[in-house]
Amino acid sequence: MPHPIRYNPSVTYLEDLNPPQRQAVTVEGGPVLVLAGPGSGKTRVLTRRIAHLVVALGVQPYNIIAVTFTNKAARQMRERVEALVPEGLRSLDGIWLGTFHAMCARLLRREAGNNFLPFTNNFVIADDDDQDTLIRQSLKEFNLDDKQYRPAVLSAIISRAKNELIPAEDFTVQNYRDEVARRVYQRYEERLRAENKLDFDDLLLWSVRLLVEQPDTRQRYARRFQHVLVDEFQDTNTVQYELLKLLASHHHNLFVVGDEDQSIYRWRGADAGNVRRFEQDFPDCHKILLEQNYRSTQVVLDAARAVIDRNPDRTPKQLFTERGGGQPLALYEALDDRGEASHVVERIYREMVTRRAKGGEFAVMYRTNAQSRLLEEEFLRAGLPYRLVGAQRFYGRREVKDLIAYLRLVFNPADDLSLLRVINVPRRGAGEKTILGLQMTAQDAGISAGAVLVSLGQDRVASPYWNVFTNRTALALAEFGDMLRRWRQDLEADTPLPALFDRILVESGYEGYLRDGSEEGEERWENVQELRRLAYEYQERGLAEFLENLALVSDQDTLPDQLDAPTLLTLHAAKGLEFDHVFIIGLDEGLLPHSRSMDEPEEMAEERRLFYVGLTRARNLVTLVRAEQRATFGTYEDTRPSRFLQDIPEHLLQTSGVRTRLPRRQRQEAWEQPQRWESKPPAGSAPEPIVRQFQPAMRVRHPSWGEGMVMDSKVQDNEELVDVFFESVGFKRLVASLAKLEVVPKN
DNA sequence: CAAAGATCGCTTTTT
DNA sequence: GCGATCTTTG
């Protein structure tokens, strides 16, 4: 990340590396463990090594597999390697580069003809919603209360079992709760098999089982992959580590990069102990330490080190930087969580006005996604654009999920869950009773609900299932079944994906249902169109790949990189990124560290690592923010400062805010009459006169809010303030120099 | 069967 | 304080 490298034949990919980096890039085969502190050029080493293998050693990309945890990391790695490998000399065709899950899906699709695997190669990937629904349905079948047996807990139990390679039959039972878990696990598996689905854990589990139990297959892949490279190795879980060892079992060229201090996924099975295990498993491995940091100031590093050093059982690292000095960290204590959010926005706003800082220099990080809401409100109020990573922005939308369910159903009519989702959306008279009848019928006949529908659609009254329903209901179901059959024909006739998409939208009545003339309807329609654009990109590759990507690509990956605006993201999502000025909010006990981590020391250590990851994202400035009072579930509660704040040496931290300024009584008053920061003039803005660019009645366009009409414009505090009425969000007041408004010419 | 109204429960982090 | 889910009513 420090300096993006474009390939230039006169500069080799080794020149700008420090000695340990160079060693890591060029070290010969065998197992290699690279321990890389934050900002030490970890990604750089990985990409250069791939380039080195291909360009200098003549390894075919076909013989390389490189695994990451996120799609974003995979995409970046591919781009960077491509820039390093001279065009025409060799392309990266044939390389396997992607996330663990994507690589496993690829492997399993290729091998699913093998009768060892209990699914066919057109399996679909069950998402979280599928899992949740299946578990709830299983509980219902056993007449169990989903409040007593939480689906989330059960799904965690099942996931853990799968990560330990324990099938339902071998699930050890010591009490009744275990017995419930075992039964649900078993039923859940049956349902997945019946719908030809694999959950995330299955992708890994079946890959490992296949390679363990089918020596021929293992040999084929192990011979092929002369080099296995892994990013963020500290985040691997048991199954993933097994998989890596299997893939490298022939050539033994396993190159892993990681940092145990940045292990933040223990809760989903990651085991940083794998780092130590690696040294035991491969006693002859090369171990390389990257300790020079190219990102942060010394002050930031000192503070981060002070925080992480309090964790027990770690190899201490001697991180150093040549960037001496730096400004101390700032701590701002706000009255309440709204004050917290407005302080952040005000601070960013000020820096953008006074020193013309770019929006992209800032990031605001928080522990839980829910914390983004107040921030968004404040950014919106200030008229500042922002980018939000994650938090179900797009794929969590109802309309997007509906459309995906339609597509999944067409691809796989046995997908009962998708069928149930859309059979009555829009309403077609298939209510609760009808659906129940349909499910019973399908179960009795031993086929999927989709198959019953298709039969009804095709044979109408002649169908054996017609008489199960009243004529009216049967007709409605038959109509739906007929549509489904036609779409399947389209699919088999290789109808281009966008065309199929449109047919579904029109024929299902979904378009009409969504576009009911309301503003909200149009907004939802926009999301559907966005999904359609995505489908368009997949028209060459087809529905199967489209669906796979929808399952494996998350909102975390949909970050619009182009927009130069402050980034809002969770601390988890921040790993691997860097920003000039990092804000970390919510430094209160119970939030960071999170209340759920208080019982177990290892979980507390993980919270600390999370904070450490956040701190080390900063190039220059860190601002920590907390709130005296915070609204949880609607009511305000007093908070206590995070214990992590005490770990930062005093001389590295500068405190400001209400708590230090006002005694309690005045604070109370201040709270009753909150000051809105908009009324304050931004301090120290350069006194150059500005010209009004906008006039009432002009049409303008905003990057996120679309078109609107200028209602008024005035100059205040040397900034032009424009009042705009947007079709999408209504009335907004914007700062013209910041808001990226475009004038729409009149035709 | 659909729409409006009432209640519940929820917050960790993600492929 | 919100959104999903259950309950009541037309």
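Below, chains carry the letters A, B, ... as their sequence lines are ordered, and counting in each starts from 1.
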**Asked** Going through the distances and angles, do A:Leu198 and A:Leu192 end up as a side-chain contact (heavy atoms from CB on, under 4.5 Å)?
**Response** CA-CA 6 Å; A:Leu198 298 183; A:Leu192 283 179; over 6 Å; no
**Residues A:Glu340, A:Arg630; criterion side-chain contact (heavy atoms from CB on, under 4.5 Å); working and verdict** = CA-CA 10 Å; A:Glu340 175 182 65; A:Arg630 198 173 283 285; 3.0 Å; yes
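If you measure from atom CG of A:Asp337 to atom C1' of B:dT11, you get 14 Å, rounded to the nearest angstrom. One atom, CZ of A:Arg266, and another, P of B:dT13, lie 17 Å apart when rounded to the nearest Å. A straight line from CD of A:Glu606 to P of B:dT14 spans 12 Å, rounded to a whole angstrom. Atom CG of A:Leu198 and atom P of B:dT15 are 18 Å apart (whole Å). The CG atom of A:Leu205 sits 15 Å away from the C1' atom of B:dT15 (whole-angstrom rounding). A:Leu591 places its CG atom 11 Å from the P atom of B:dT13, with the value rounded to the nearest Å. Taking atom CD of residue A:Gln131 and atom P of nucleotide B:dT15, one finds them 14 Å apart after rounding to whole Å. As a whole-Å value, the separation of A:Trp267 CH2 from B:dT13 P is 8 Å.
For A:Arg515, the salt bridge (Lys or Arg N to Asp or Glu O under 4.0 Å) test picks out A:Glu511, A:Glu522, with sequence neighbours left out. Every residue two or more places apart in sequence or in another chain was checked for a side-chain hydrogen bond (donor to acceptor under 3.5 Å, both in side chains) with A:Asn424, and none qualifies. Residues satisfying the salt bridge (Lys or Arg N to Asp or Glu O under 4.0 Å) test with A:Arg78, not counting sequence neighbours, are none. For A:Ser595, there are no side-chain hydrogen bond (donor to acceptor under 3.5 Å, both in side chains) partners at least two apart in sequence or on another chain. Applying the side-chain hydrogen bond (donor to acceptor under 3.5 Å, both in side chains) rule to A:Tyr188 yields the partners A:Asp199; only residues at least two apart in sequence or on another chain are considered. A:Arg136 meets the salt bridge (Lys or Arg N to Asp or Glu O under 4.0 Å) test with A:Asp132, A:Asp146; sequence neighbours excluded. In this view, A:Tyr538 and A:Asn549 satisfy the side-chain hydrogen bond (donor to acceptor under 3.5 Å, both in side chains) rule, not counting sequence neighbours.
Annotation for A:Thr441 and A:Phe469: closest pair OG1-CZ, 4.1 Å, computed over non-hydrogen atoms.
For A:Gln262 and A:Arg609, the side-chain atoms include no donor-acceptor pair closer than 3.5 Å.
Comparing B:dT11, B:dT15, B:dT13 by their closest approach to the side chain of A:Ala370 singles out B:dT11. Of the candidates B:dT13, B:dT11, B:dT15, the closest approach to any side-chain atom of A:Asn369 belongs to B:dT13.
Remark: A:Met440 CE is loosely packed, at most 12 non-hydrogen atoms of other residues, nucleotides or ligands lying under 6.0 Å away.
Checking the phosphate oxygens (OP1, OP2) of B:dT11, no side-chain nitrogen or oxygen of A:Ser595 falls inside 4.0 Å.
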I'd like a table of donor-acceptor pairs (distance under 3.5 Å, sequence neighbours excluded) in which one partner is a side-chain atom from residues 98-110 of chain A, with atom names and distances.
{"from": "A:Thr99", "atom 1": "OG1", "to": "A:Ala102", "atom 2": "N", "distance (Å)": "3.0"}
{"from": "A:Arg109", "atom 1": "NE", "to": "A:Glu548", "atom 2": "OE1", "distance (Å)": "2.7"}
{"from": "A:Arg109", "atom 1": "NH1", "to": "A:Asn121", "atom 2": "O", "distance (Å)": "2.9"}
{"from": "A:Arg109", "atom 1": "NH1", "to": "A:Phe123", "atom 2": "O", "distance (Å)": "2.8"}
{"from": "A:Arg109", "atom 1": "NH2", "to": "A:Phe123", "atom 2": "O", "distance (Å)": "3.3"}
{"from": "A:Arg109", "atom 1": "NH2", "to": "A:Glu548", "atom 2": "OE1", "distance (Å)": "2.5"}
{"from": "A:Arg110", "atom 1": "NE", "to": "A:Tyr221", "atom 2": "OH", "distance (Å)": "3.2"}

Polar atom pairs between nucleotides 1-3 of chain B and protein, under 3.5 Å, N or O only, would you list them?
{"from": "B:dC1", "atom 1": "OP1", "to": "A:Gly429", "atom 2": "O", "distance (Å)": "3.1"}
{"from": "B:dC1", "atom 1": "OP1", "to": "A:Gly431", "atom 2": "N", "distance (Å)": "2.9"}
{"from": "B:dC1", "atom 1": "OP1", "to": "A:Thr434", "atom 2": "OG1", "distance (Å)": "3.2"}

Collect all protein-nucleotide pairs involving nucleotides 1-10 of chain C in which both atoms are nitrogen or oxygen and the distance is under 3.5 Å.
{"from": "C:dG1", "atom 1": "O6", "to": "A:Phe633", "atom 2": "O", "distance (Å)": "3.4"}

**Message:** In dot-bracket form, 5' to 3', how is DNA chain B paired? Count Watson-Crick and G-U wobble pairs only if both distances fall under 3.5 Å, and write | where the partner sits on another strand.
**Reply:** ||||||||||.....
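For DNA chain B, the residues of residues 95-103 of chain A within the heavy-atom distance limit of 4.0 Å (strictly under) are A:Thr99, A:His101, sorted by number.
A:Phe69 comes within 4.0 angstrom of sugar-phosphate atoms only, judged by non-hydrogen atoms across all strands, and of no base.
Here the NE2 atom belonging to A:His594 is positioned 11.0 Å from the CG atom belonging to A:Leu610, to the nearest 0.5 angstrom.
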